[in-house]
Amino acid sequence: MATANHDALAELKALSNIIRENIDRLEATCKANGLEYPSSKAPYGPESEAARNLPDAMEAGSLIVSAATQLVAAVNPPPMTMFSLVGSFHIPAALRVVLETHTAEILHDAGPEGKHVNEIARPTKKDPAKLARILRFLATHHVFVEVSPDHFAHNRLSSLLDTHKSVDYILANPDKKHEGTPGMTAVIGHFTDEAFKAASYLGDVLLDPKTAFNVDASSTGFNRAYNTDKNVFDWFETPGNEWRLTRFGIAMDGAKSMSPPGAILEGFDWKGMKEGSLVVDVGGGVGSQSLTLAQNHPHLQFIVEDRTEFWNSNLPEHVQSGKVQFQAYNFLEDAQPIKNADIFLLRAILHDWADPYCLTILRHLRAAAAPTTRLIVVDNLIPYACEEKSTEDIPGAERRLPPAPLLANRGQANAIPYITDIQMMALLNGQERTITHVRNLLEQTGWKLVQVYHGSPFAMTNQKAIAVPV
Ligand SMILES: C[S@@+](CC[C@H](N)C(=O)[O-])C[C@H]1O[C@@H](n2cnc3c(N)ncnc32)[C@H](O)[C@@H]1O
């Protein structure tokens with residue numbers, strides 16, 4: 001541990017150099033590609049994100065975020081940092097309020113002058129004085145701008161809360177707010193509601209001797225928060241929760257926007273597969289990953305397996321289109337019915353479940369695998385917060401270390417897998433896993449991990465572990 005002042009200052013200077021060098025790199029990358037770097041004041045949109053999605057810009061951005069957040073932690077008085085950390089649970093509470101008062105839609109056409117909070121609070125008949133404090137708190141975290149006292153306007157971050165639907169439509173059809181959207185608002189809804197409440201009971205579950213070592217999917221913070229014995233997937237299907245199930249399905253689709261477009265296409269030679277190869281998307285939800293694959297690789301066939309109720313209550317038109325076939329399948333209870341799959345795809349599935357459930361899922365797939373079947377596990381492969389040598393024998397597993405003095409896992413630039421890890425624990429006793437952990441599960445179930453793909457530093461649930469039967 002550094003104790004002398006000059007060490008601490010050397011760290012600050014090194015961090016500031018990383019930031020400066022990588023801003024120059026961003027500038028050069030944008031210039032070389034003739035693209036504008038997106039403004040933090042302009043609304044978010046996939047086209048205007050093009051510069052940020054350039055591989056070199058992503059790497060530069062990741063190093064800047066890593067260095068800047070480390071710099072803040074080093075410079076801010078520790079009690080202030082700790083106070084900010086323990087108080088950060090108010091952020092999702094505030095985000096839920098603005099989401100459910102449709103503030104983003106109310107401000108949609110307000111332009112840079114924004115609107116007075118009285119106007120923002122009126123359509124949902126909320127207290128403007130309280131809403132102003134909520135919005136000011138968020139503006140302090142760069143979500144919305146307070147342009148003049150009590151007048152709030154959009155910026156890039158707050159525009160992610162906007163469904164682009166009219167306020168009148170949402171007020172008349174509250175259950176349809178997220179339908180037909182890219183899904184980020186549904187992600188925000190699920191996180192700030194079910195997940196946030198589940199997380200607030202996580203400590204109770206982990207500290208209670210009766211549940212401390214329990215890995216049951218229905219013995220979680222979620223179960224305490226909602227006072228139910230059902231796991232979250234069963235609970236979503238109980239009468240009265242239809243809108244939550246729909247929101248969750250749209251949220252899963254929306255999580256794609258947290259990765260570069262087409263992230264599922266990377267890291268595996270889909271093109272090299274023979275004509276008519278069959279991809280079975282196990283627990284494929286509304287089939288959004290299979291659709292992306294089908295659109296880009298029309299020579300492949302797809303079957304999306306999930307619990308019946310899931311797709312019928314989400315996107316029935318996908319079932320009717322025929323491009324992707326849907327099949328009811330319970331991966332915890334049933335033998336895998338497809339015996340001639342070329343690929344079993346498991347995206348964001350293993351992370352939902354504790355090890356005993358994953359072993360069941362993997363054994364069912366192994367029993368149905370042909371010698372040529374490939375298993376592609378797409379999940380976050382969570383790095384230790386220090387250097388890791390134990391998986392370097394697996395092709396693709398090695399990670400490039402960032403420059404000193406950054407954390408080996410890039411800290412806040414790589415925060416999402418650690419957030420989803422705790423989220424999975426709070427909701428289902430699931431978890432994100434290290435490469436070693438995934439390898440162990442595969443080895444216990446007759447699979448061998450042969451290739452790892454890390455992908456973009458800013459992508460969500462895009463890392464791939466490719467396995468073959470043994
Ligand atoms: C986190 S979502 C992932 C969806 C999709 N693979 C993706 O990447 O967007 C988990 C999916 O597992 C499905 N699921 C949960 N329990 C299941 C079970 N026992 N059998 C089959 N599917 C299940 C859920 O309905 C949901 O669609």
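Just so we're clear, the structure is a prediction, and the values are computed from it rather than from any experiment. Counting convention: from 1, in listed order, for ligands and their atoms alike.
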Numbering the atoms of ligand 1 from 1, which are under 4.0 Å from a heavy atom of Asp352? 1 (C), 10 (C)
Donor-acceptor pair between Asn429 and Tyr357 side chains, under 3.5 angstrom: no
Out of the candidates Trp243, Phe248, Phe222, only one should pair with Phe236 under the ring pair (Phe, Tyr, Trp, His ring centres under 6.0 Å) rule; please name it. Phe248
Honestly, for Trp353 the part within reach of ligand 1 (heavy atoms, under 4.0 Å) is side chain
Which part of Phe233 is near ligand 1, with near meaning a heavy atom under 4.0 Å away: side chain, backbone, both or neither? side chain
For ligand 1, is there an N or O atom under 3.5 Å from any N or O atom of Met252? no
Asn330 N/O under 3.5 Å from ligand 1 N/O: yes
Just so I know, are the side chains of Ser218 and Asp229 near enough to count as touching, which here means a heavy-atom distance under 4.5 Å? no
Parallel, tilted or perpendicular: which fits the ring planes of His154 and Phe144, with parallel below 30° and perpendicular above 60°? parallel
Which value, rounded to the nearest 0.5 Å, describes the distance between Ile382 atom CD1 and Gln431 atom CD? 8.5 Å
Within 4.0 Å of some non-hydrogen atom of Tyr329, the atoms of ligand 1 are 20 (N), 21 (C)
Nearest to atom 26 (C) of ligand 1 by heavy atom, Asp306, Asp334, Leu346, Asn231: which? Asp306
Would you kindly specify which portion of Val282 sits under 4.0 Å from ligand 1, judged on non-hydrogen atoms: side chain, backbone, both or neither? neither
For ligand 1, which atoms have a heavy atom of Gly285 less than 4.0 angstrom away? 27 (O)
Residues that Glu194 engages under salt bridge (Lys or Arg N to Asp or Glu O under 4.0 Å), provided they are two or more places apart: Arg244, Arg247
Atoms of ligand 1, numbered as shown, that sit under 4.0 Å from any heavy atom of Arg347: 3 (C), 5 (C), 6 (N), 7 (C), 8 (O), 9 (O)
Parallel, tilted or perpendicular: which fits the ring planes of Trp447 and Phe344, with parallel below 30° and perpendicular above 60°? perpendicular
Heavy-atom contacts with Ile349 under 4.0 Å: which atoms of ligand 1 show up? List them by number with element. 10 (C), 11 (C), 12 (O)
Pair Ser62-Arg410, side-chain donor/acceptor within less than 3.5 Å: yes
